[in-house]
There are 2 protein chains.
Amino acid sequence: MSGAVQRRITIKDVAEAAGVGVATVSRVLSGGSASAETRERVLAAAARLDYRPSALGRNLRRRRTGGIGLLVPDITDSFYARLADGVLACARSYGEPVTVGVTGDDPEREAELIGTLIEQSMDRLIAVPSGDGEMWAPALRAGLNVVFADRRGRHDVPSVVPDDRAGVLTAVEYLAGLGHRKIAYLGRHGQSQRVAAFTAALASLGLPADRDLVVHARSSRDSAYAAAAGLLQHRPDVTAVIAGGNVLGEAAVLAARELDVRIPRDVSLIMFDDVPWAELCSPPLTVIAQPAQDIGYRAAELVLRQGRRPPAVTLPTQLVVRASCGPRVATSRR
Amino acid sequence: MSGAVQRRITIKDVAEAAGVGVATVSRVLSGGSASAETRERVLAAAARLDYRPSALGRNLRRRRTGGIGLLVPDITDSFYARLADGVLACARSYGEPVTVGVTGDDPEREAELIGTLIEQSMDRLIAVPSGDGEMWAPALRAGLNVVFADRRGRHDVPSVVPDDRAGVLTAVEYLAGLGHRKIAYLGRHGQSQRVAAFTAALASLGLPADRDLVVHARSSRDSAYAAAAGLLQHRPDVTAVIAGGNVLGEAAVLAARELDVRIPRDVSLIMFDDVPWAELCSPPLTVIAQPAQDIGYRAAELVLRQGRRPPAVTLPTQLVVRASCGPRVATSRR
DNA sequence: AATCATGATGGAATCGTTTCCATGAGTGGA
DNA sequence: TCCACTCATGGAAACGATTCCATCATGATT
């Protein structure tokens, strides 16, 4: 290790080096009025000393902090990773740092993380809310500027979400068009929006809307697998499955393979969220693509713009047909 | 929207409510000495007012900031997402917030992000360094506590890395055992460590170490595809490819499919990094699994522990055999 | 009984910035 | 010539915490 750690350079050092007062330095650096000559002297001194204003001091004084918080259920999930990437891309263009927390879809952990963020005086927060969004009240009261992403938690918080209703409808219509009548939805807990859209879609097409046709998993891989396997095993009459996310889709493919259910011959599969491996999979998966990155980007824009915000932004999804869906064969499986 | 935004509750409010001085409140809350009765009064007041100490004030006074910075090339890449997850898991157990930046493997962007982090008075930083790590000198001089992850940038910075040498050797030996003699390495720029290990491994097994057998891509998907396609097209004599990361592996599979090169019949493929879809791929990919999450976790431990740190931690990799490698067929491809 | 040690307590300084306000210099107009 | 006005400038307060230090009460020791 080379040099000793040097004391932080403060505005006072710059003021001294430039032969002016600290107020003047502050003014020059934040674009206030100053004579051309002083401005030059200050700028030169700041550059020479490699001065960087302390965000701590600034934020303390300004009683707000730059920076935005981001809470996602699982950064390992491609969807949320892309969402986070969108947020980071937008934040970077504003020069704002982003503090990320992983909630694991656990409201308790979420509350804990919100607490940490408030302690940091974060006043802007983008979150994929877990639970029903009830515990957000204290955070909102604390003056937090919140935008929800991917899920519409409460109605008094602006949100950026994919068009679940249209996405589900497209998927159901596509499958119905292939002759499927028993279509199941394999989802995560808390996707009430989509489930509603699903049953509505079934109804509108005159398909049976059996209650057991929607299966819920928790957000872990194991739980997803169990749910998928259970569905495939106990319901030989369903000939098509809509998986409500990429880990659900992965679980469905794995479970089908394990149970010797062939896709698409025995069951057709549509997965929400287009991930790179959907094309690599065998068979390549037909998906409802979601603009994950855009969702993040738009959410960041919303939270960074101070003006009043629209209550909800809905971004379109898109059906990408590959090879995991086929016409229904006349005979039921097995 | 319901209530008005309320003023932040400060230590002064708590002191007043408890009928004591601010110093006493601070002492009680940070575990200093106080009489049982005062302690109780203070704690009660703090709880009643839902007081949260401001990290800004604390950090400003303490002249250090909690919190750790994390710089990764691409949060969308499963490997780095898992690495980040490890960091976040460890940081959470210490209650430390993590600020994430995406460098895109661009030294300039990296330097910019380091600047932002320094302004935030972050004093702890975990980074997957891009470039050769030369521009880290100013950051280190600024007293930053840095740990490198995944890549060993400079030798005066502790690092947590996978055992590339052993991983590469295992892969090469495995392929050689299947009869392959022309083995190519498809890597990213900056993987000098692995390339060295690769040529060493070839040499130790008496295999030809043609210079053209290592192909470099930039870290974008497009660049990876181009490199993979180029390799497959122009070198019909290579019968086995080692892909140095999951996006490289994905590109190789895609390119092979496009060029009608069959895996494993025409070429065998080993991919660095075990991702969930490796098993879903057709054929399922044989991989060198890397403990991405562990790397992140250990790096976070290192950067959070104040004690002196070991210069480098190396974590083992593991060969996971699936179905993308086969014996060399006598005839060359094409 | 006088002194000393101990421990609880609060006042005030400090961290690095922004911003209010007072001061002083210079300019234009009456 | 003098006044009013603008403009640059620097001192000082404030933000919210921690921590040094002095003070004071209490119990113990000689």
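Labels below follow one simple rule: chain letters A, B, ... track the order of the sequence lines, proteins then strands, and each chain is numbered from 1. Remember, predicted model here, so these are calculated numbers, not experimental data.
Shown here for B/V20 and B/V25, the closest heavy-atom pair between the two residues is CG2-CG2, 3.7 Å.
Using a 4.0 Å heavy-atom distance criterion, B/R39 is classed as making no nucleic acid contact. Backbone-only contact: B/S54 has heavy atoms under 4.0 Å from sugar-phosphate atoms and none from a base. If you check every strand for non-hydrogen atoms under 4.0 Å, B/S26 touches a base. A/A34 comes within 4.0 angstrom of the backbone, heavy atoms only, and of no base. The residue A/T38 sits close only to the backbone: its heavy atoms come under 4.0 Å of sugar-phosphate atoms, none of a base. Among the protein residues, A/G21 comes within range of the sugar-phosphate backbone only, with heavy atoms under 4.0 Å from sugar or phosphate atoms but none that close to a base.
Note: CG (B/L56) to P (D/dT18) measures 13 Å, nearest angstrom. Between B/R7 atom CZ and D/dC15 atom C1' the separation is 12 Å, expressed in whole Å. With rounding to whole Å, A/L60 atom CG is found 12 Å from C/dT14 atom C1'. What separates CZ of B/R64 from P of C/dG16 is a distance of 15 Å, to the nearest Å. Straight-line distance from the CG atom of A/D13 to the C1' atom of C/dC15: 13 Å, rounded to whole Å. Rounded to whole angstrom, the span from the CZ atom of B/R62 across to the P atom of C/dG16 amounts to 15 Å. Rounded to an integer number of Å, the gap from B/R52 CZ to D/dG16 C1' is 16 Å. To the nearest angstrom, C1' of D/dG10 lies 12 Å from CD1 of A/I11.
For C/dG7, neither phosphate oxygen OP1 nor OP2 lies less than 4.0 angstrom from any side-chain nitrogen or oxygen of B/S35. Considering only side-chain N and O atoms, A/S33 lies under 4.0 angstrom from the phosphate OP1 or OP2 of D/dA8. When the side-chain nitrogen and oxygen atoms of B/T24 are compared with OP1 and OP2 of C/dG10, one or more of them lie within a distance under 4.0 Å.
When atom types are taken as modelled, the side chain of B/S93 and the backbone of B/C90 share a donor-acceptor pair closer than 3.5 angstrom.
With respect to B/R7 and B/D13, a salt bridge is recorded, a charged nitrogen being found less than 4.0 Å from a carboxylate O. Between A/K12 and A/E16 there is no salt bridge, since no side-chain nitrogen of the basic residue lies less than 4.0 Å from a carboxylate oxygen of the acidic one.
When the local axes at the two ends of the helix from C/dA1-D/dT30 to C/dA30-D/dT1 are compared, using 5 base pairs at each end, they differ in direction by 60° after rounding to 10°.
A heavy-atom distance below 4.5 Å is not found between the side chains of A/R64 and A/M122.
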Q: Any chance you could lay out the side-chain contact (heavy atoms from CB on, under 4.5 Å) test for A/V28 and A/L43, step after step, and finish with the verdict?
A: CA-CA 8 Å; A/V28 168; A/L43 255 25; 3.6 Å; yes
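The base of D/dG10 sits within donor-acceptor range of the side chain of A/R27, with an N or O pair under 3.5 Å.
Among the nucleotides D/dG10, C/dT18, D/dT18, the one closest to any side-chain atom of A/R58 is C/dT18. If you check C/dG10, C/dG16, D/dG11 against the side chain of A/A23, the one that comes closest is D/dG11.
The ring pair (Phe, Tyr, Trp, His ring centres under 6.0 Å) analysis of residues 89-137 of chain B, with sequence neighbours excluded, yields the pairs B/W136-B/F148.
The 5' end of DNA chain C is approached more closely, in terms of each residue's nearest nucleotide, by B/R41 than by the other of B/R61 and B/R41.
The environment of B/E119 atom CD is dense: over 12 non-hydrogen atoms of other residues, nucleotides or ligands sit within 6.0 angstrom.
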